[in-house]
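See structure below.
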Amino acid sequence: MASAVNGLKGIAGAVPRWLTEPVPRGRVAAFRTLVYLFVVADLLVFTPWVRDKASIPGELYQPLFVGRLLPLPTPTPLLVNILFWALLLLALAAATGRAPRALGWAVFLLYFEWMVIAMSYGKVDHDRFGFLVALAVLPTAGRARHGDRENTEAGGWALRVTQIAVVCTYFLAAWAKLRFGGIEWTTGSVLARAIIRRGTDLADLIAQVPYLLIAAQIGIIAFELLSPVVFVVPARWRQAVVAFFYSFHLVTIATITISFAPHLVAMTSFLELERLRPIDRLRRLARRRPGRNTEPPQQPQARAEPATAPEVAPDTPSAQPSPAVP
């Protein structure tokens, strides 16, 4: 009994240490910059269609549960445009790392409302979950500079929680497939319909191979259910597992053109981003520009004075012999 109690105490102590495992501040700084720059890219490239919701009649707005719980206002042209420009400017400012708490919380709240508006018209994308969690926890990580090797537990907690959200996205997606589609999801025509709707030439080739789509659906369920293994494999294999995660999405993009872009950004929380150090690399490239002298300036050397014969004092006898006296 005592051994069981001690074992439980050990587990209870190990969980907080695992959740707050220290990471270099440079990793937190790189992750923060990447996340906030993606907010800008999301507004301009990935979800610019959210601004079109301003012209849709308010009767079609069916807010998510959180939108009804708070409650959040019905989108209007003024609200949507204010959100867009405020979020764009604040995200750019937050990417610099200044005022991480004030700017971080502001970006999270505005982007949260932006996503509620985006997903309240009949379609909810599950690739935003990990990214939203990253925005929610980054303000708690404190200050961090690129290239800083000092460890931080607060930053480690922020990255770990984001990692958990990424894995939950996979695991809960498999749970939803089995809950609503049953085991028949693996043997149905899910991928076939996706290829018909938005497939590429590569997908058309794959679809011609008998039973390959069924095998792929079984593999998807197995992959999503086993995704938590990334937390228990040895550290030297973890990056390989994350690389497999990315390869899964690469195949998804190449076949049915679904990018999961925000999820891929959140998944960089597993990577050793401090090794990239893009700012230092840009500085090195700037120093290596053609025509620019990178050698330190040479100090002028003093000119050597020619050697001269020592002067002879007037009262010093001459070194030459004097004539003999008769």
Side-chain angles (χ1 to χ4, degrees), residues 23-51 80-119 125 127-148 152 154-156 158-163 165-166 169 242 245-246 249-250 253 258-286:
V23 299
R25 292 185 184 274
R27 185 179 306 181
V28 178
F31 182 67
R32 171 183 289 151
T33 299
L34 180 61
V35 166
Y36 290 134
L37 288 181
F38 179 80
V39 171
V40 177
D42 194 37
L43 292 173
L44 300 176
V45 179
F46 295 101
T47 60
W49 46 265
V50 179
R51 297 184 71 184
V80 173
N81 284 293
I82 288 177
L83 275 175
F84 176 84
W85 290 108
L87 191 52
L88 185 66
L89 297 176
L90 290 175
L92 286 172
T96 65
R98 291 182 171 85
R101 289 182 174 83
L103 290 175
W105 286 121
V107 171
F108 166 68
L109 293 174
L110 291 175
Y111 189 81
F112 183 80
E113 169 65 3
W114 186 258
M115 284 294 100
V116 170
I117 293 174
M119 306 302 166
D125 296 330
D127 63 341
R128 305 274 162 176
F129 176 62
F131 188 75
L132 277 168
V133 170
L135 288 175
V137 297
L138 272 175
T140 68
R143 294 188 176 275
R145 294 182 300 174
H146 290 274
D148 192 346
T152 167
L159 293 182
R160 182 70 78 198
V161 172
T162 304
Q163 294 169 3
V166 167
T169 301
V242 176
F245 288 177
Y246 276 105
H249 292 285
L250 181 62
I253 296 171
I258 298 178
S259 68
F260 284 85
H263 178 81
L264 299 182
V265 173
M267 197 157 59
T268 60
S269 57
F270 284 101
L271 305 180
E272 297 175 355
L273 296 174
E274 72 277 9
R275 295 188 176 185
L276 299 177
R277 303 185 68 173
I279 294 179
D280 291 347
R281 293 180 184 273
L282 290 174
R283 288 173 179 170
R284 293 193 193 101
L285 290 174

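Residue numbers count from 1 along this sequence.
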Donor-acceptor pair, side chain of Thr47 and main chain of Val50, under 3.5 angstrom: no
Note, Thr33 side chain near His146 side chain (heavy atom, < 4.5 Å): yes
Phe245 side chain reached by Leu264 side chain, heavy atoms, under 4.5 Å: no
Close side-chain approach of Tyr36 and Thr96, heavy atoms under 4.5 Å: no
Approximate separation, where rounding is to 0.5 Å, of His249 NE2 and Phe260 CZ: 6.5 Å
Electrostatic pair Asp148-Arg27, nearest N-O below 4.0 angstrom: no
Heavy-atom side-chain contact between Tyr246 and Met267 under 4.5 Å: yes
Where Thr152 and Pro24 come nearest, the two heavy atoms and their spacing: CG2-C, 4.4 Å
Minimum heavy-atom distance between Thr162 and Ala266, given as atom pair plus value: CG2-O, 3.7 Å
With Phe38, the ring-ring contact (aromatic ring centres under 6.0 Å, His included) member among Phe46, Phe31, Tyr111: Phe46
Shortest non-hydrogen contact from Ala158 toward Ala141: CB-CB, 4.2 Å
Straight-line distance of Leu88 CG to Leu83 CG, nearest 0.5 Å: 12.0 Å
Taking every non-hydrogen atom, the tightest pair across Pro139 and Gly104: CG-C, 3.5 Å
Reported CD1-to-CG distance for the pair Ile82 and Leu87, which is rounded to 0.5 angstrom: 13.0 Å
Partners meeting side-chain contact (heavy atoms from CB on, under 4.5 Å) with Ala165 (sequence neighbours left out): Phe129, Val133
Heavy-atom side-chain proximity of Val39 to Phe131 below 4.5 angstrom: yes
Criterion side chain to side chain contact (heavy atoms under 4.5 Å, CB included) on Val116 and Glu113, from CA distance to verdict: CA-CA 5 Å; Val116 170; Glu113 169 65 3; 4.2 Å; yes
Side-chain heavy atoms of Arg128 within contact of Asp42, under 4.5 Å: yes
Atom of Gly155, atom of Val28 and distance for their closest heavy-atom approach: CA-CG2, 3.7 Å
Backbone of Arg143 reached by a side-chain donor or acceptor of Arg25 within 3.5 Å: yes
Point-to-point distance, once rounded to the nearest 0.5 Å, from CD1 of Ile258 to CD1 of Ile253: 10.0 Å
4.5 Å side-chain heavy-atom contact, Phe84 and Leu89: no
Under the salt bridge (charged side-chain N to carboxylate O under 4.0 Å, His left out) test, residues paired with Arg32 that sit two or more places apart: none
pair Thr169-Asp127: side-chain heavy atoms closer than 4.5 Å: no
The single option from Leu138, Leu135, Leu103 passing side-chain contact (heavy atoms from CB on, under 4.5 Å) against Phe108: Leu135
Shortest non-hydrogen separation from Val107 to Ala94 and the atoms involved: CG2-CB, 4.2 Å
Interatomic distance, Ser259 atom OG to Leu250 atom CG [nearest 0.5 angstrom]: 12.0 Å
